[in-house]
2 protein chains.
Amino acid sequence: MNAATVMARCAALDVHTEVPGTITRRYATPALAGALREVEGWMREAGLETRRDAVGNLVGRYAGTVAGAPALLTGSHLDSVPDGGRYDGPLGVLSALSVVERLAARGERLAFPIDVCAFADEESVRYGTTYLGSSALAGRFDAEWLERRDQDGVALRDAMTAFGADADGVAEAALAPRSVLAWIELHIEQGPRLERADVPLGVVTGIQAQERRRIIVTGTAGHAGTTPMDGRRDALAAAAELVLAVERAGRDTNGIVATVGTLSVEPGGINVIPGRATFTIDVRHPDDDTLAAALTEFDAAVTRVAGERRVEVLQTVLSADRAVPCDEGLRAVLAAAVRARSLPVIDLASGAGHDAAALHRLCPVAMLFLRCAGGVSHNPAESIEECDVAVALDVLEHAFRNLPPGARR
Amino acid sequence: MNAATVMARCAALDVHTEVPGTITRRYATPALAGALREVEGWMREAGLETRRDAVGNLVGRYAGTVAGAPALLTGSHLDSVPDGGRYDGPLGVLSALSVVERLAARGERLAFPIDVCAFADEESVRYGTTYLGSSALAGRFDAEWLERRDQDGVALRDAMTAFGADADGVAEAALAPRSVLAWIELHIEQGPRLERADVPLGVVTGIQAQERRRIIVTGTAGHAGTTPMDGRRDALAAAAELVLAVERAGRDTNGIVATVGTLSVEPGGINVIPGRATFTIDVRHPDDDTLAAALTEFDAAVTRVAGERRVEVLQTVLSADRAVPCDEGLRAVLAAAVRARSLPVIDLASGAGHDAAALHRLCPVAMLFLRCAGGVSHNPAESIEECDVAVALDVLEHAFRNLPPGARR
C-alpha cells in the first residue's frame, strides 16, 4: 500500500461531516460514527482485529510474534474542529494503517503487536474537554466530564449513550502500562517551519503547556434605548476588554499563543444590553512557568475590569496541561529513520496539543510532523503533498522495525 | 373594568412564552400566537369586532356613532425581547381594552370608532426589522424583509406562513390615512425619570432617532496553538475593539445610547482563531444630527481597526429612523387629561423606539408613559404599581373623550 491510497482515503472521509460542504466531525456525532465505520472496514480488509472501547475509540491490532509482548500504539484521531481540514488526524490513522498493510502484504510480523488507534475525540470542541479519546486509554478520563453539556444542552453522558459508547465503562478502557511499548504518531505540522526549511518531515521535541478556561461575565441586562451609558453594567463590553487582554498577554511574551475562540451573549437581543457574556480562552507556551506568568497577567486584567465595570467574572479551568517532552530514545529512533532516507533531521516543538499529551502518562511518546501548505490547519484549505506522505511511510516503517526492546520506561 | 383586571391580564400572558420560566415571545412563534388568541378572547367578551391583518396583528374595533368617521388607533404590542418583562407592550394593549370596556359597560359610544391594536412585532429581535407589525399598517413594510433569516435559518416569509399570516398580502394591511384619526399609546417608561419625579405618568415629547446595523468582521481562521500572534487576522479581537468603540461613541456624547446586543463567532471552536465575528449595533439620540456625528466617529474606528488588523469589515444598515416628534395637539389633550387628575405634567423624550415611530407616517401620534420600578425594562424584574395603572386608565379615557375632531393633519 502506498501514499496514493493514504491520500485517497483521507479524501474519502470528507463525506462524513455534520455540515455538508465542510469537514465538521465532532465527538459522538453520526458524522464521526460514519468515519469510524469506514476506517474499521479498511482495517478489517487488511486483516486487523478491531475493537471499540468505552468512549468509542477504534483500535485495530496487527499481532506480533512474541506472546505477551507490549504493543506499539500508533495512529491519531478522526474527529475535527468545525469547518476543519482533511488531514488533521486522519493522516496519522491512515498512514499507520498503510505501514501495517505493507508488513501484511509481505506476510511479515514484528516481535510486538501494532495497535492502530483511531481516537474518537482529540479536538474536544463539543465538550471543552482535552484528549477525551486518548485520556480514556491513559486512565485519565475525568468522570466529571460526563455531566458537561454541549451548546445544545446535551450532556456528554447522553451523547455517549446515543453514540453506542458506555459512559459507565470508561474506567475499563484504561490500558495497563506494562501492556504498552510506546506511542508514535504522524501528524501534519500545522505551522510553517518545515515548509520554510524545505524539508518534508520533522521530529517533535515535545508538546507545549496549555491551559483552557471558560469565563462567564455577568452584568445587568437592560433596555438599549433608555439606560444611560453611565448606568450600565454591560457584560459584553467587559468581555471585549478581556478578549483584548488575552491577546495582549499573548503579544507581550515571545512564544505565547493566546486565543478566544468562542463567545456568546445573553439575552442576545439587538436592543438589549447584554447581561451575560461567556467565552473561552486557550493559552500555550513550551515552558510551564512562562505560561503561568501570562495567565497571571490575564488574571490581573480580570480583577481590574471586574472592579471598574462592576461586573462579576467567573473563571473555570477546563484543562491545564503541563509541557510534555517526547521520549529521547524514541526521538533517536525517528531521527535515525529520517537520516536513513537521506534527509536532514529537523527538531520541532509542537505548537498544538496532541494525544501524546494524554498518552505520556501511559508510555513513552514520540511524534513525526509532516509539512503542510502555508502552515494552514483547522481550515478547509489544509493541504499536503503525496510525495511527502511516501517519505513518511518509509520513515515510520523504518522506525517501527528499529524500536528498541527497552523503549518501555 | 379596572386596573386590577389590567394587572391580572398582563400576568396571565406570562404563560405564553418560548422558554418556560421566562417571558420570551418573539414574532411568529407559537408563544405569540397564544398571547394573541388570549387577548382576542377578551376583546370578543367585551363586544369588540376582531380581525387579523396580513402580518398577524390583532385589531379589535369598538364602533363609533358617526358613520365613516376616522378611527382612533390605540394599544401596543404583544411580542417581547428574549427573557423580557411582563408590561413592555401588553400594558398598552390591555389598558386600551380596559378603557373601551368602561365605555361599553355604560353603553356609551364616542363619535369615532376605537381600534384596539395588539401588534405582533415591535421588538423585532427575531429578524432585525423595526416595528414590523405597525409598519404594515403604516404602509412602510419593506418587502425585502421577507427574505431575511432568523438565527435558525428560517426566512421571515416562511415564518409568516407557518404563523398563518400572509406574506404576499402585506400591502393590503396598509390603512388609508383618511381612515385614521390618531395613534395614542400607553407604555411603561423604561427609564428612571418618572420614579425620580415621584409622578405616575408623563407625556412623551417624541421618539429619538435610531440606527441599527449588522457588522461582519472577516479575518482568517487558524489553529490556536500553531499560529504566532503576529501572523493573526483574528476577527473576534477586531470585533472586541469595535464593541469598545461603540461604547466610547456613546460615552463621548451626552444623550447618546450605543449598544452591541448580539455577537457571534465562527467557526466557534475553543482552539480555533475566529475567522468571522458578526455583531449588531443600536445607537440613538433625540437629535438626528448628533446621532449622525456619533456614527461618523464609529465609522472612523472601523476604518482604523480594519487597516491595523488587516480584516474586512462589512456594515449593513438594518434600520435608520429619524427622530419622531409627537403631535402638539394630541400632547395638549393628554396634558389636559393629566391635569384633570390633579397631577403635574411631566414632559419626557422617549429613549426607546415605539410603534409611534412607524405610525407617524400614517397619522398624528402621541404617547403616555407610566413609571416603572427602577426604570428597569427588557428584564424579568420589570415592575409597575396597580394604583398608577388606575390613574392611567382615567387619563386615557379623559383624552379619548376630548380628542379634537381636527386631530387629523
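The structure presented is a predicted model; accordingly, all values stated were derived computationally and were not measured. Below, chains carry the letters A, B, ... as their sequence lines are ordered, and counting in each starts from 1.
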Option in [options] with maximal non-hydrogen atom pairs under 4.5 Å from chain B:
| options | value |
| --- | --- |
| A:G84, A:S124, A:A221 | A:A221 |
| A:T220, A:T280, A:D234 | A:T280 |
| A:P267, A:A352, A:G353 | A:A352 |
| A:V81, A:L236, A:T227 | A:L236 |
| A:R26, A:E266, A:Q190 | A:Q190 |
| A:D83, A:T24, A:V257 | A:V257 |

Subject >> Proximal component of B:V272, with respect to chain A [non-hydrogen, under 4.5 Å] >> reply: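 Backbone plus side chain of B:V272, per the 4.5 Å heavy-atom cut-off to chain A.
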Subject >> Portion of B:R251 that has a non-hydrogen atom of chain A nearer than 4.5 angstrom >> reply: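 Contact with chain A involves both backbone and side-chain atoms of B:R251.
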For chain A, the option from [options] that forms the most heavy-atom pairs under 4.5 Å:
| options | result |
| --- | --- |
| B:A239, B:G128, B:P274 | B:P274 |
| B:V265, B:V125, B:D230 | B:V265 |
| B:A235, B:G225, B:A381, B:G255 | B:G225 |
| B:P82, B:A277, B:G269, B:S350 | B:G269 |

Give me the atom names and distance for the closest heavy-atom approach of [X] to [Y].
| X | Y | answer |
| --- | --- | --- |
| B:A240 | A:L244 | CB-CG, 4.0 Å |
| B:T262 | A:G268 | CG2-O, 3.4 Å |
| B:R232 | A:A258 | NH1-O, 3.2 Å |
| B:T226 | A:E189 | CG2-O, 4.1 Å |
| B:A224 | A:R284 | CB-NH2, 4.1 Å |

Subject >> Single hit among A:D282, A:V260, A:T259 for side chain to side chain contact (heavy atoms under 4.5 Å, CB included) with B:I273 >> reply: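 Of all the options given, the one that passes is A:T259.
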[X] versus chain B, the contacting section by heavy-atom distance below 4.5 Å:
| X | answer |
| --- | --- |
| A:I256 | backbone |
| A:N379 | side chain |
| A:P228 | backbone |

Subject >> Neighbour count >12 (heavy atoms, 6.0 Å) for atom CZ, B:R214 >> reply: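 Count not over threshold, so no.
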Subject >> Neighbour count above 12 (heavy atom, 6.0 Å) for A:Q151 CD >> reply: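 12 or below, so no.
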Gap between atom [atom2] of [Y] and atom [atom1] of [X] - 0.5 Å precision:
| X | Y | atom1 | atom2 | answer |
| --- | --- | --- | --- | --- |
| A:M229 | B:R248 | CE | CZ | 11.0 Å |
| A:E247 | B:R309 | CD | CZ | 4.0 Å |
| A:Q210 | B:N271 | CD | CG | 7.5 Å |
| B:E123 | A:I270 | CD | CD1 | 11.5 Å |

**OP:** I would like to know whether A:V243 and B:V243 meet side-chain contact (heavy atoms from CB on, under 4.5 Å); could you show each step before the answer?
**Re:** CA-CA 11 Å; A:V243 167; B:V243 166; over 6 Å; no
